[in-house]
Amino acid sequence: MNARVWLIKSEPVKYPWSKMLEEGRTFWDGVRNHQAKNNLLAMRSGDFAFFYHSNEGMEIVGLVQVVQEAYPDPTAQEGPWVVVDVVPVASLPKPVGLAQLKSDPICSQMALVRQSRLSVCPVTEAEFQRICEMADWNPPV
DNA sequence: GCCAACGTTGGC
DNA sequence: GCCAACGTTGGC
């Protein structure tokens, strides 16, 4: 695939996957970390992102697609913060938990695992394939 | 509930 | 410019 793959985190208490499905489209706000912001800026329309539940659940539950590239965060008073717009693509048949990722030779090297506080991180092609496999899912790409 | 990782702030 | 103090995130 040409599109790149990312992973975005959300606490289910604040914005669960069920709400993403319900709303159909949202802007991804709240990023206040420069590394995460740079990742948002690097996203292109058509890129995909796994949707990860942090804190509670601690698992990848779905895939979204970027439909609007970075623009200023409407919820930020000031600063360089940006958001992107995403739409849900699919729920994973089997969510993939953090423990599973950690025990997998490919996925244990993920930015998600190595840098637990980074809320927007890149996913490699190999990691993407492996996660789809673990999720019992054939990506429509 | 605790703690590690890490970013930010402010004194010097 | 360094570093201690502190706040936040997120896993356990």
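Proteins come first, then strands; the chains are lettered A, B, ... in the order of their sequence lines, and each starts at number 1.
Put simply, CG on A/Asn33 is 7 Å from P on B/dG7, counting in whole angstrom units. When rounded to the nearest whole Å, the span between CD1 of A/Ile8 and P of C/dG10 equals 13 Å. Protein atom CG of A/Asn55 is 13 Å distant from nucleotide atom C1' of B/dC2, rounded to whole Å. Distance A/Arg32 CZ to C/dT9 P: 11 Å, rounded to the nearest Å. Rounded to whole Å, the distance from CD1 on A/Ile60 to P on C/dG11 is 12 Å. If you measure from atom CD of A/Glu59 to atom P of C/dC12, you get 14 Å, rounded to the nearest angstrom. Taking atom CD of A/Gln35 as the reference point, atom C1' of B/dC6 lies 11 Å away to the nearest angstrom. Computed from coordinates, the A/Arg117 CZ to C/dG7 P distance equals 14 Å when rounded to whole Å.
Nearest to the side-chain atoms of A/Ser116 among the listed nucleotides B/dT8, B/dG7, C/dG10 stands C/dG10.
With A/Gln65 contributing its side chain and A/Gly46 its backbone, the two residues share a donor-acceptor pair below 3.5 Å. With hydrogens and angles ignored, the 3.5 Å screen pairs a side-chain donor or acceptor of A/His53 with a backbone N or O of A/Trp17.
Contacts of residues 95-105 of chain A with DNA chain B (heavy atom under 4.0 Å): none.
Aromatic pair A/Phe128/A/Phe50: centroids less than 6.0 angstrom apart.
Between A/Tyr52 and C/dT9 there is no side-chain polar atom (N or O) within less than 4.0 angstrom of OP1 or OP2.
Ring-plane geometry between A/Trp81 and A/His34 is classed as tilted, the angle between the planes lying from 30 to 60 degrees on a 0 to 90 degree scale.
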Would A/Thr26 and A/Lys19 satisfy side chain to side chain contact (heavy atoms under 4.5 Å, CB included), going step by step from the backbone distance to the final call? CA-CA 10 Å; A/Thr26 192; A/Lys19 193 169 177 192; over 6 Å; no
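At a threshold of 4.0 Å, the pair A/Glu11-A/Lys14 counts as salt-bridged, since one of the basic side-chain nitrogens sits closer than that to a carboxylate oxygen.
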